[in-house]
Amino acid sequence: DEIRRIELPDMSCLELQFRGPQKAIALIIDVKQTKTNQTGKQQYGVCIRSSDPLCCAVGAIAFWFFRRWELDRSAPPDMKDNQSWFLDKLFNQKGDKTHALNYQTHYAAFKKALQELGMASSKKTHICRQSGARMAEISGVEYSQIQRLGRWNSESLNSKYLTGVPIKAVRGVAGFVPDDMHYFLPRAIVDVDEALAKEIFPWVDQEDVKIQADVSLGRQMVLSKVNFINLMKYLRVVLIQDVAALWDILEGHPIRNHPIFQGAAFQAFKSRLKDACSAAVDPQTASLHRLAPALIDHSRSQHQEILTK
């Protein structure tokens, strides 16, 4: 139920302090009262880009927004004041952006997707919640971290006081080693040109100009608006990188056939990213390879010393 309640002002992004050549930006969703949060305490859903673009929640949101506002030509949020967009749903009923997708439509969409994938499951709308926990467990994430990530808080202490992000679980679900704070995402190693990024969701830049004007005039800013615009600027970069990475798989998909992705600017970016990914080496792996010969020599010398004693 909670995913259908999400509203656009509930969404933002935040940089996490990982090590690596790229910034690790997390998608943050403010979760309101749910079946697992009856106290009304502020809780957050958190995810980072997955190592696999095929199962990336951040990329999926970017694809959805492009489908909604570019392919389906739905009107983007009207941010002239809070009342104009504060009730806009992430997943809305067709033709009504303030009413949440109903359960029947939600269920039918998941059922159809599972059928087309040839997957049998007793769970439909809850399958992502269940599979996410299993992915974290397979990655070696501790139970307590999985519980916090899924907000399965049965203890009163967790229900009332803990709001920290379970970093290990976030990393594990995204396909990274839970206990290692290193972050390397090959499909993000090539920066997206600003001009190309601005071709997607142009209304974002119009709203950003208004925000900057309010700042220069000393007007009070609406934090949720600033946060959402920053998120959209990030998601369009995610979209461009993920479409490039998934190009062959997306053959025949309406997103791939969109003029932006058929244009010269995107095609040049796609070629650069393909070349960069084919030559990409994880800096941490490269460091280990450089250190390996010295470690082997050191081990051999110590072994030899032991034998001669």
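One-based numbering along the sequence shown. Just the heavy atoms: all of them, side chains too, but no hydrogens, waters or symmetry mates, feed the values below.
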Is any NZ, NE, NH1 or NH2 atom of the basic residue among Arg272 and Asp193 found under 4.0 Å from an Asp or Glu carboxylate oxygen of the other? yes

Relative to the ring of Phe228, is the ring of Phe65 parallel (under 30°), tilted (30 to 60°) or perpendicular (over 60°)? perpendicular

To check you understand the geometry: which heavy-atom pair defines the closest contact between Ala244 and Leu273, and what is its length? CB-CD2, 3.7 Å

Could you give the distance from CG (Leu231) to CD1 (Ile25), rounded to the nearest 0.5 Å? 10.5 Å

One should read off an interatomic distance between Thr98 OG1 and Trp85 CH2, to the nearest 0.5 angstrom, of 14.5 Å

Determine yes or no for a side-chain-to-main-chain donor-acceptor pair under 3.5 angstrom, with Gln262 supplying the side chain and Arg256 the backbone. yes

Interatomic distance, CD1@Ile48 vs OH@Tyr183, rounded to 0.5 Å, equals 5.0 Å

Classify the angle between the aromatic ring planes of Trp69 and Phe201 as parallel (below 30°), tilted (30 to 60°) or perpendicular (above 60°). perpendicular

For the atom pair CH2 (Trp247) and CD1 (Ile255), what is the distance rounded to the nearest 0.5 Å? 11.0 Å

Check this for me: does any side-chain nitrogen of one of Lys89 and Asp96 sit under 4.0 Å from a carboxylate oxygen of the other? no

Using a 3.5 Å distance criterion without hydrogens, assess whether the side chain of Gln22 forms a donor-acceptor pair with backbone atoms of Leu185. yes

Rounded to the nearest 0.5 Å, how far apart are CG of Leu71 and CG of Asn257? 9.5 Å

Is there a donor-acceptor pair closer than 3.5 Å between any side-chain N or O of Arg68 and the backbone N or O of Ser74? no

Less than 4.0 Å between a side-chain N and a carboxylate O, is that true for Asp205 and Arg236? yes

Flag yes if more than 12 heavy atoms outside Glu194 fall under 6.0 Å of its CD atom; otherwise flag no. no

Please determine whether side-chain contact (heavy atoms from CB on, under 4.5 Å) holds for the pair Phe63 and Val243, giving the CA-CA distance in whole Å, both sets of side-chain angles, and the decisive distance to 0.1 Å. CA-CA 9 Å; Phe63 271 75; Val243 170; 3.7 Å; yes

Output yes when Asp242 and Arg49 qualify as a salt bridge under the 4.0 Å nitrogen-oxygen rule, no when they do not. yes

Go through the steps to decide whether Phe261 and Ile200 satisfy the test side-chain contact (heavy atoms from CB on, under 4.5 Å), and finish with yes or no. CA-CA 10 Å; Phe261 298 113; Ile200 297 174; 4.0 Å; yes

Between Ser224 and Asn227, do the side chains contain a donor N or O and an acceptor N or O under 3.5 Å apart? no

